[in-house]
Amino acid sequence: MNAAANPADIMPTWPEGGVSRVPYRLFSDNGVYALEQERLFRGPVWNYLCLELEVAEPGDFRTAFIGETPVVVARDGNGELRGMVNRCAHKGALVCLAERGNRKHFSCIYHSWTYHLDGRLRGVAFRGGLKGKGGMPEDFDPARHRMQPIRVEVFCGLVFGTFESDMPPVEEWVGPTMAHFLKRNLGSRPLKVLGTHSQIIHNNWKLYAENVRDSYHATLLHTFYTTFKVNRLDMDGGILLSEGTPWHHISYAKRATLEEAAEYKDANVHSASYDSKLNGPALLKTEDEFDDGITHSVQSIFPTLAVHFTLNSLCVRNFVPRGLEETELVWTYLGYADDSEEMTAMRVLQANLTGAAGLVSLEDGCINEFVQRGTRGSGDAAAVLEMGGRGLESSESSRATEVSIRGFWSGYRGLMGYA
Amino acid sequence: MIGAETRQRIEDFLLDCAWTIDEDDLEAWPGFFAEDGRYRITTRDNEERGLPVGIMLCEGRGMLEDRVLALRTANIFEPHRYRHILGRPRLRESEDGLIRSDSSFIVMRTMQDGRMDLFAAGNYRDLLRVEDGQVMFQERAAVLESRRVDVLIVIPI
Ligand code: FES
Ligand SMILES: [Fe+2]
């Protein structure tokens with residue numbers, strides 16, 4: 001192993017306190033960022049790539065990213081789903097420029113090398129030279145050159161990819177609690193896309209990974225939530241961490257069980273002070289779709305996927321690192337293929353709650369940047385994550401806890417070589 | 001046939017609306033819409049694929065007012081202001097006596113510390129109602145060229 005790849009030389013010393021402390025340097029160190037690409041994204045994890053419905057037909061392809069590495073998912077002529085690095089085996093140009101499309105085969109525009117939909121090299125332009133001159137050596141073997149394959153697998157309509165050959169199936173990897181909830185939200189009925197957009201947030205990707213697990217902030221920063229009683233910490237709800245792999249989580253609430261907790265009024269919490277009725281109440285018109293009483297949930301799947309189901313608004317969020325201090329947060333809003341028009345209309349209106357202009361999420365566009373900016377020049381300082389204790393136990397009765405963030409860091413520490 | 005006088009009224013109306021936003025007179029902004037008017041922010045990509053969920057959707061003036069109220073009292077963000085630059089509208093008669101207007105816009109955003117960026121560019125796809133010389137939006141869709149929003153949108157485009 002060369003020196004640059006030795007985590008001990010790159011990663012900061014973790015302070016005392018284990019996952020209840022997080023060194024700020026992890027968010028602004030180029031060496032850490034580069035090592036994450038190798039150890040974490042190209043390591044033993046399943047990365048979310050796209051929806052299965054985006055690559056439904058033979059020839060369909062969709063480009064995506066594993067960390068910063070560009071990849072392609074394609075359905076080949078036999079209907080098999082294939083994954084490969086989006087990099088030409090000749091000189092490394094991107095092979096697929098479009099985000100999505102349908103092709104019989106891939107063709108690199110630089111020197112016209114062509115590939116089968118599974119990434120095997122199909123043809124080399126001018127391989128035999130021109131007029132008997134030039135061309136590839138006699139012993140050039142196309143079978144030895146191809147787009148680098150990656151493993152892909154579908155679970156609940158989501159396509160995941162990994163560089164690791166020795167990974168358990170996605171369902172096993174996420175664990176039974178996570179798998180059950182993904183099936184509830186995404187696996188029970190065919191999906192359809194209702195719309196998509198993305199948001200550039202000026203922070204390291206891990207700050208968003210923390211933020212999406214941060215059930216402590218949700219009702220304090222996002223004050224629209226509390227006021228209109230969509231989700232408050234005094235609603236019946238809790239946090240579930242995945243069995244044995246607490247870096248995936250579910251945070252849920254049940255709207256019907258709201259009881260006014262005195263702490264909201266007594267603490268003079270900012271979010272309780274905005275006390276207005278909606279002039280356009282149709283925004284929050286909602287219909288119960290499940291019999292478990294859960295009306296609001298956010299589920300994270302390590303490293304860069306989250307799925308939320310807020311009232312009737314179902315959305316897949318994928319946060320893609322675009323550099324040390326930049327992340328693209330892609331929102332893909334979903335419905336079920338057999339939704340009634342009324343249900344679609346509700347999902348469409350409730351999409352106002354989230355996204356780049358989300359009434360209860362827009363603050364996240366800037367809050368992580370505030371941490372990024374606030375931690376510059378912080379030396380060896382570290383964040384304190386002791387809300388709800390210092391451990392990694394699921395919290396089935398309270399969301400006033402940072403346990404899911406500690407869970408994220410336990411997974412991170414393992415992958416990045418901390419004991 | 002859209003007469004010169006009507007065109008003049010429409011151009012002034014579109015300019016006034018942009019000015020209202022840029023001068024932070026947002027409480028007056030819902031008044032540019034019909035009572036049952038519709039306002040959307042979406043992307044060219046969503047429009048071309050016929051997808052109904054964009055970035056913001058208000059159905060009826062009440063929801064526009066809620067957006068302004070939320071911005072003033074609930075939402076938290078780094079203070080910033082817009083400056084709109086509008087192109088001349090392309091006008092066509094539409095159904096039900098409405099006028100369809102398309103006009104290009106760019107929005108410059110200036111943060112509290114002076115950072116200034118090109119925040120948005122796109123097309124306003126408007127359906128205008130003109131009654132007794134009064135213009136109002138029956139529908140306004142700010143269709144952004146890019147699917148990527150920098151940081152967040154809280155002030156309407
Ligand atoms: S880089 Fe692709 S053909 Fe040369
Ligand atoms: Fe948030």
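Each chain gets a letter, A, B and so on, in the order the sequences are listed, and its residues count up from 1. Both backbone and side-chain heavy atoms feed into the values below; hydrogens, waters and symmetry mates do not.
Taking the side chain as every heavy atom from C-beta outward, A:Tyr333 and B:Leu51 never approach each other to under 4.5 Å.
Aromatic ring centroids of A:His222 and A:His217 lie under 6.0 Å apart.
In terms of heavy-atom proximity, B:Asn46 sits nearest to A:Gly195 at OD1-CA, 3.6 Å. Annotation for A:Tyr336 and A:Lys192: closest pair O-CE, 3.6 Å, computed over non-hydrogen atoms.
In this structure, chain A has heavy atoms under 4.5 Å from both the backbone and the side chain of B:Asn75. Proximity to chain B is absent for every atom of A:Glu326, based on heavy atoms less than 4.5 angstrom apart. In this structure, chain A has no heavy atom under 4.5 Å from any part of B:Arg61. With a 4.5 angstrom heavy-atom cutoff, A:His202 touches chain B only via side-chain atoms.
The most heavy-atom pairs under 4.5 Å with chain A, out of B:Leu64, B:Asp45, B:Leu57, come from B:Leu57. In terms of heavy-atom pairs under 4.5 angstrom with chain B, the leader among A:Gly335, A:Ala356, A:Ala282 is A:Ala356. Top candidate by heavy-atom pairs under 4.5 Å with chain A, chosen from B:Val154, B:Ile55, B:Leu144, is B:Ile55. Taking A:Thr344, A:Ile200, A:Leu283 one by one and counting their heavy-atom pairs under 4.5 Å with chain B, the maximum is reached by A:Ile200.
Among residues two or more places apart in sequence or in another chain, the ring pair (Phe, Tyr, Trp, His ring centres under 6.0 Å) test is passed with B:Tyr39 by B:Trp29, B:Phe33. Under the side-chain contact (heavy atoms from CB on, under 4.5 Å) criterion, A:Phe65 pairs with A:Pro70, A:Val320, A:Arg322, not counting sequence neighbours.
Between B:Glu23 and B:Arg83, at least one side-chain nitrogen of the basic residue sits less than 4.0 Å from a carboxylate oxygen of the acidic one, meeting the salt-bridge criterion. Checked for salt-bridge contact, B:Arg88 and B:Glu11 meet the test: a charged N lies under 4.0 Å from a carboxylate O. B:Glu5 and B:Arg9 are joined by a salt bridge, as a carboxylate oxygen and a charged side-chain nitrogen come within less than 4.0 angstrom of each other. A salt bridge is absent between B:Arg100 and B:Glu139: the closest approach of a Lys/Arg side-chain nitrogen to an acidic carboxylate oxygen does not fall below 4.0 angstrom. A salt bridge does not link B:Arg148 to B:Asp150: none of the charged side-chain nitrogens sits closer than 4.0 Å to a carboxylate oxygen. Ion pairing between A:Glu328 and B:Arg147 holds under the 4.0 Å rule for side-chain N and carboxylate O.
Taking 4.5 Å as the heavy-atom cut-off, the residues of residues 363-374 of chain A that approach chain B are A:Glu363, A:Gly365, A:Cys366, A:Glu369, A:Phe370, A:Arg373, ordered by number. Of residues 116-137 of chain B, not one residue has a non-hydrogen atom less than 4.5 Å from any non-hydrogen atom of chain A.
Counting only N and O atoms by type, the side chains of A:Glu289 and A:Asn312 include a donor and acceptor under 3.5 Å apart.
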